[in-house]
Amino acid sequence: MKDNSAKRASFRSSFGLLVALAGSAVGLGNLWRFPYLMGTNGGAAFIIIYLICIVFICLPMMISEFMIGHASKSDAVGAFRVLAPGQKGWRVAGAIAVLCSLFIMCFYSVVGGWTLDYLFKSLGMAFSDVSEGQCAGIFTSMVVSRWEPVIFMTVFLAVSGLIIWAGVEKGIERYSKILMPLLFVIIVIIAVYSCLLPGASAGLSFMFSPDFSKVNGGTILAALGQAFFSLSLGAGMVLTYGSYVKEGENIPKMSLLTAISDTCFALLAGMAIMPAVFAFGLSPSEGPGLVFIVLPEIFSKMVSGDIIAIAFFFVLFVAALTSIISMLEVVVACIAEEFRMKRGAAVLLTLAFVMVFGILCSLSQGVLSDCLIFGKNIFDLFDYTTSNIMMTFGGLVVVIFVGWKMKKPDVFAEYSAGGKFVHPVLYKVLYFLTKYVAPVAIAVIMVCGLIK
Ligand code: TRP
């Protein structure tokens with residue numbers, strides 16, 4: 001077994017690790033996808049199913065992914081070489097997870113570019129005086145244009161590249177420590193402001209009084225897919241960050257805290273958006289345009305809307321940034337370690353790939369919109385394959401590996417940090433969820449998703 005721990009980078013503190021994990025988890029998934037999925041899937045009932053998925057499926061999976069990284073101290077491909085020597089299949093699965101992160105980056109960076117564009121637009125007071133329906137026009141003309149989104153995407157990627165180049169402690173940890181608490185404070189302020197608007201209570205009751213008549217198979221699928229995406233599971237992120245964690249960390253506790261932060265953030269984003277949507281008499285079921293079309297319209301009508309718009313798009317941009325750096329780290333760590341390449345070179349190589357496919361994804365909203373593969377444009381194809389197929393597959397592999405391949409005493413030793421923490425009952429429940437509940441649930445949902 002090769003020992004990587006001596007020369008390996010690591011997070012300096014538990015708080016640094018937590019904000020880095022939360023930085024990855026909190027992203028466009030929470031602020032853009034969660035509110036519109038909740039809006040189109042019946043509000044509170046969706047939230048309840050989402051929470052059930054987090055506790056019973058995603059949390060055991062996150063802990064498992066964390067353990068694989070921590071036990072192997074290696075990148076997502078190398079981890080399986082260390083833990084299952086000579087068994088190539090697992091390594092292939094690791095490589096698929098790395099590719100998944102790479103592919104997510106291709107469309108995520110496009111939306112990241114949009115957030116930066118909107119931050120600049122709001123700084124230039126673009127939404128201070130818009131009339132009804134004008135915001136849809138602003139959004140459409142931005143996404144279909146050739147240069148504008150590509151330029152912002154390039155800047156977005158360049159910033160993430162610089163942070164990753166700086167390394168784990170001096171890059172990821174340092175910036176997450178400053179940015180994540182800041183985001184939290186801003187989103188709380190916006191949520192409070194939104195909840196105090198006259199007529200906001202309708203938005204809150206939409207979020208918190210469940211109507212189960214709206215629930216169907218599609219809702220459950222959407223909730224699980226969202227839980228996966230939001231916690232950045234099945235794409236090697238938790239594994240890679242886990243490999244930078246020193247001995248003695250409480251892995252189940254860290255995973256739980258990450259899941260709690262991520263869920264709180266999603267709920268806060270909902271509380272920032274839904275009450276305002278209802279207060280201004282707009283529809284919560286607008287779909288993907290909710291954040292980019294409906295919100296700017298609301299900001300234009302709100303008292304101090306200009307400032308709230310700047311704050312909101314700043315949050316959106318930073319959340320997207322701390323998420324994309326985590327995907328970049330997965331790929332860069334893998335290339336640098338597997339091919340013994342310098343970190344800087346690995347960053348450049350990865351970004352070059354993402355630029356090419358990111359540009360294609362961006363253009364697929366406009367000039368290339370007729371170029372369809374399996375009936376989907378390039379952007380949707382990347383989104384669909386990663387979110388619905390590759391991440392689910394990655395998650396399944398991880399729980400099967402920990403539940404069925406690793407030895408039980410080793411798994412329990414990882415849960416308890418070698419006996420440092422003692423929660424025998426909890427560990428048994430966790431192991432049962434990992435070994436039986438999570439794989440079966442994911443397999444069923446995956447099959448339903450594919451035949452749908
Ligand atoms: N969790 C992020 C979000 O909610 C998305 C994300 C970041 C991600 N890193 C990832 C998804 C790695 C999958 C894999 O926006």
Side-chain angles (χ1 to χ4, degrees), residues 19-38 50 53-54 58 61-62 65-66 69 75-76 94-115 156-157 160 163-164 172 176 179-180 183 187 222-242 255 258-270 288 291 315-334 350 354 382-398:
V19 283
L21 283 169
S24 169
V26 172
L28 296 169
N30 306 57
L31 292 149
W32 169 61
R33 224 159 164 248
F34 181 81
Y36 85 70
L37 281 176
M38 172 174 78
Y50 177 82
C53 291
I54 296 264
C58 296
M61 185 179 298
M62 188 173 203
E65 210 184 306
F66 201 140
D75 63 276
I96 294 178
V98 176
L99 283 179
C100 180
S101 274
L102 183 66
F103 292 165
I104 298 174
M105 284 175 78
C106 297
F107 71 91
Y108 206 89
S109 57
V110 176
V111 186
W114 297 350
T115 65
F156 180 71
L157 282 174
S160 66
I163 296 179
I164 287 300
I172 303 175
S176 306
L179 294 171
M180 293 315 292
L183 288 197
I187 197 81
L224 182 72
Q226 171 59 18
F228 255 81
F229 189 83
S230 192
L231 289 179
S232 316
L233 297 176
M237 184 288 284
V238 188
L239 192 159
T240 307
Y241 278 18
S255 307
T258 308
I260 291 177
S261 327
D262 184 63
T263 308
C264 286
F265 223 98
L267 293 175
L268 280 168
V291 163
V315 169
L316 202 59
F317 163 67
V318 172
L321 183 69
T322 52
S323 293
I324 203 151
I325 61 175
S326 74
M327 299 173 216
L328 189 54
E329 180 60 32
V330 172
V331 185
V332 166
C334 179
T350 313
V354 175
F382 272 90
D383 184 1
Y384 182 85
T385 346
T386 50
S387 312
N388 295 344
I389 303 172
M390 296 176 87
M391 288 180 72
T392 331
F393 173 77
L396 190 59
V397 167
V398 163

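All ligand and atom numbering here is 1-based and tracks the order in the structure. All heavy atoms count here, side chains included; hydrogens, waters and symmetry mates do not.
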Please step through ring-ring contact (aromatic ring centres under 6.0 Å, His included) for the pair Tyr50 and Phe34, ending with a clear verdict.
CA-CA 10 Å; Tyr50 177 82; Phe34 181 81; 5.1 Å; yes

Taking it one step at a time, do Trp32 and Thr115 satisfy side-chain contact (heavy atoms from CB on, under 4.5 Å)?
CA-CA 10 Å; Trp32 169 61; Thr115 65; over 6 Å; no

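The distance between the ring centers of Tyr241 and Phe66 does not fall below 6.0 angstrom.
Ordered by chain and residue number, the residues placing a heavy atom less than 4.0 Å from ligand 1 are Ser24, Ala25, Gly27, Leu28, Gly29, Asn30, Ile104, Tyr108, Phe229, Ser230, Ser232, Ala235, Ser323, Ser326, Met327, Met391.
For the residue pair Ser24 and Ser232, a side-chain donor N or O sits within less than 3.5 Å of a side-chain acceptor on the partner.
In this pair, Phe229 and Tyr108 present their aromatic rings tilted. The plane angle is within the 30 to 60° band.
Exactly one of Thr350, Leu102, Ile172, Val354 qualifies for a side-chain contact (heavy atoms from CB on, under 4.5 Å) with Leu328. That residue is Thr350.
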